[in-house]
Asks: 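One structure follows; several queries about it will come next.
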Amino acid sequence: MEYRRLGKAGLQLSVLSFGSWVTFHKQISDGSADELMGIAYDNGINFFDNAEAYALGESEKMMGRVLKKKSWDRTSYVLSSKAYFGWRGKQNKPNQSGLSRKHLVEACQEALQRLQADYLDLYFCHRPDPDVPIEEVVWTMHNLVQQGKILYWGTSMWSGAEIMEAHRVAHQNGLIGPVVEQTQYNMFERAKIELDYLPVYQNVGLGTTIWSPLAAGFLTGKYNEGIPEGSRLSIQGFDWLKERWLQEDKLKKVKELGKLAGETGVSLAEMAIAWTIKNPHVTTAILGATKKEQLLENLKALDAVSKLTPEVMEKIENILQNKPFLNLA
Ligand SMILES: NC(=O)c1ccc[n+]([C@@H]2O[C@H](COP(=O)([O-])OP(=O)(O)OC[C@H]3O[C@@H](n4cnc5c(N)ncnc54)[C@H](OP(=O)(O)O)[C@@H]3O)[C@@H](O)[C@H]2O)c1
């Protein structure tokens, strides 16, 4: 396993990490979660990602139970949670979601209880909140660090400008600013990591824990001939995800990428994950898996990186035709 520094922070994260969105509680039981987290940890993964909203809090409870049973040295892994969406779904009342001081503090406390942990290593603002002043967010996160409830804080799906605004407030007040952003990054979703955050990396430093490196499984080729039973896109309520990924032009590209992966001697999943971590601005790619075989395949992405030579990268670019660029016209 390779470990990368989280931007300018001192924390080291394994370049592949493991998350629980959709899978924990909805698709898999404690037994499978235990097996998958065990495989991840034994292969050097040191970062486990979670959020208050995942399975309405049940995902954190499951991860907490597994971690308790594993009895791994708490200093050997990094644990996260995220606040914004709340965990009561449609039952959320005012102040039970968002980034107010009240919700950030209460959500942190609740996540610690569910995860059976004394502190979170990483705590994310899961989305920007236009209804809360940025000063309130930065002061709250700073104070949570001071109280020892969290060690580092970050953002998720914020724009580069919003992250810079948080840094401005932190700098002006001598507070601890955000060190990490968790955004989507895969072969079809590139703009934030490859363009929007460039000034942030350069001016203040930024670690990234990127999500959906396989575009929810689409970049394995498993949806090329339809929707397999039991797969993520077959789950009720995920029509929005189907609409995002199952598009004719994208499917065509996935098939071409699959052919190229074969010629390169790797699977499409290995190639797609390796492609994300080939980008030095990516600190870690968070993997998701419902089966042991998937996780074992995805871990092979570490070896696939060296097979992505400049020639292969160029061929990928020629298939994708979606490199983001700054239009100054
Ligand atoms: N901050 C945010 O807003 C945000 C948003 C989304 C995710 N995340 C984080 O990022 C993590 C990863 O995201 P993700 O789950 O969307 O990642 P992903 O790697 O794009 O998709 C993972 C899913 O793809 C399928 N899959 C994985 N490997 C496979 C393989 N080798 N062959 C066939 N199918 C395979 C599995 O689903 P099936 O078996 O069900 O098909 C698996 O659950 C999440 O757990 C969460 O921690 C964060």
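Throughout, residue positions are numbered sequentially from 1 according to the sequence presented. First listed ligand is number 1; within each ligand, the first listed atom is number 1.
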Asks: Out of Arg232, Lys26, Lys291, whose heavy atom sits nearest atom 43 (O) of ligand 1?
Replies: Arg232
Asks: Would you call Asp121-Arg74 a salt bridge at under 4.0 Å N-O?
Replies: yes
Asks: Go through ligand 1 atom by atom and flag the ones less than 4.0 Å from a non-hydrogen atom of Ser231.
Replies: 40 (O), 41 (O)
Asks: Determine whether the side chain, the backbone, both or neither of Gln294 has a heavy atom under 4.0 Å from any heavy atom of ligand 1.
Replies: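 Both backbone and side chain.
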Asks: State whether a side-chain donor-acceptor pair under 3.5 Å links Tyr201 with Thr208.
Replies: no
Asks: May I ask you to test the Phe188-Leu320 pair for a side-chain heavy-atom distance under 4.5 Å?
Replies: yes
Asks: For Tyr223 and ligand 1, answer yes if some heavy atom of the residue is under 4.0 Å from a ligand atom, otherwise no.
Replies: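 Flag set, Tyr223 near ligand 1.
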Asks: Please state which part of Ala51 comes within less than 4.0 Å of ligand 1, counting heavy atoms only: side chain, backbone, both or neither.
Replies: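 Ala51 to ligand 1: no contact under 4.0 Å from either part.
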Asks: When you look at NZ of Lys242, are more than 12 heavy atoms from neighbouring residues, nucleotides or ligands closer to it than 6.0 Å?
Replies: yes
Asks: What part of Gln27 sits under 4.0 Å from ligand 1 if we count only heavy atoms: the side chain, the backbone, both or neither?
Replies: side chain
Asks: How far is atom 20 (O) of ligand 1 from its nearest protein heavy atom, and which residue and atom is that?
Replies: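 Its nearest protein heavy-atom neighbour is Ala216 N, 2.8 Å.
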Asks: Report yes or no: does a heavy atom of His126 sit under 4.0 Å from some atom of ligand 1?
Replies: yes
Asks: If you have a sec, work out which protein heavy atom is nearest atom 39 (O) of ligand 1 and how many Å separate them, to one decimal?
Replies: Thr290 OG1, 2.7 Å
Asks: Look at atom 5 (C) of ligand 1 and say which protein heavy atom is nearest, naming residue and atom and giving the distance to 0.1 Å.
Replies: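 That would be Trp211 CD2, 3.1 Å.
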Asks: Using heavy-atom distances only, which candidate in Ala215, Gly288, Ser212 approaches atom 13 (O) of ligand 1 most closely?
Replies: Ser212
Asks: Which of the atoms in ligand 1, numbered in the order shown and given with their element, are less than 4.0 Å from a heavy-atom of Gly19?
Replies: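 Those atoms are 45 (O), 47 (O).
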Asks: Salt bridge between Asp34 and Lys70, side-chain N to carboxylate O under 4.0 Å?
Replies: yes
Asks: Test your reading of the model: is there a side-chain donor-acceptor pair from Asn46 to the backbone of Gln12, 3.5 Å cut-off?
Replies: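 The answer is yes, because a donor-acceptor pair under 3.5 Å joins these two groups.
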Asks: With a 4.0 Å cut-off on N to O distance, would you call Lys300 and Asp303 a salt bridge?
Replies: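 No, no charged N to carboxylate O under 4.0 Å.
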Asks: Which bit of Ser20 gets closer than 4.0 Å to ligand 1, counting heavy atoms only: side chain, backbone, both or neither?
Replies: backbone
Asks: Tell me the protein heavy atom at minimum distance from atom 28 (N) of ligand 1, and give that distance in Å.
Replies: Asn298 ND2, 2.9 Å
Asks: Using a 4.0 Å heavy-atom cut-off, which part of Pro228 comes near ligand 1: side chain, backbone, both, or neither?
Replies: neither
Asks: Just to verify, which of Trp87, Phe85, Trp153, Trp21 counts as forming a ring-ring contact (aromatic ring centres under 6.0 Å, His included) with His126?
Replies: Phe85
Asks: Classify the side-chain pair Thr155/Glu162 by whether it contains a donor and acceptor separated by less than 3.5 Å.
Replies: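 Distance-only check fails for Thr155 and Glu162.
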Asks: Specify the protein heavy atom at minimum distance from atom 19 (O) of ligand 1: its residue, its atom name, and the distance to 0.1 Å.
Replies: Leu214 CB, 3.4 Å
Asks: Tell me which protein heavy atom sits closest to atom 1 (N) of ligand 1, plus the residue, atom name and distance to 0.1 Å.
Replies: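 Here the nearest protein heavy atom works out to Ser156 OG, 2.9 Å.
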Asks: Does the Tyr185 side chain pair with the main chain of Ile277, one donor and one acceptor, at a distance under 3.5 Å?
Replies: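 A pair under 3.5 Å: no.
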Asks: Between the side chains of Lys253 and Glu256, is the shortest nitrogen-to-carboxylate-oxygen separation below 4.0 Å, so that they form an ion pair?
Replies: no
Asks: Is the closest heavy-atom distance from Arg127 to ligand 1 below 4.0 Å?
Replies: yes
Asks: What are the atoms of ligand 1, with element, lying closer than 4.0 Å to any heavy atom of Gln182?
Replies: 1 (N), 2 (C), 4 (C), 8 (N), 9 (C), 48 (C)
Asks: Does Phe124 come within less than 4.0 Å of ligand 1, judged by its heavy atoms?
Replies: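 No, that is not the case, since the closest heavy atom of the residue is not under 4.0 Å from the ligand.
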Asks: With respect to atom 33 (C) of ligand 1, which of Met157, Lys82, Glu297, Lys222 exhibits the smallest heavy-atom separation?
Replies: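 Residue with the shortest heavy-atom distance to the ligand atom: Lys222.
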Asks: What part of Thr23 sits under 4.0 Å from ligand 1 if we count only heavy atoms: the side chain, the backbone, both or neither?
Replies: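 Side chain only.
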Asks: In terms of heavy-atom contacts, does NZ of Lys102 have more than 12 from other residues, nucleotides or ligands at under 6.0 Å?
Replies: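 No, because the 6.0 Å sphere around NZ of Lys102 holds 12 heavy atoms or fewer from other groups.
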Asks: Is the closest basic N to carboxylate O distance between Arg190 and Glu317 below 4.0 Å?
Replies: yes
Asks: Look only at the side chain of Ser59 and the backbone of Ala55, and say whether a donor-acceptor pair between them is shorter than 3.5 Å.
Replies: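 No: the side chain of Ser59 does not pair with the backbone of Ala55.
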Asks: With a heavy-atom distance limit of 4.0 Å, tell me whether Ile286 approaches ligand 1 through its side chain, its backbone, both, or neither.
Replies: both
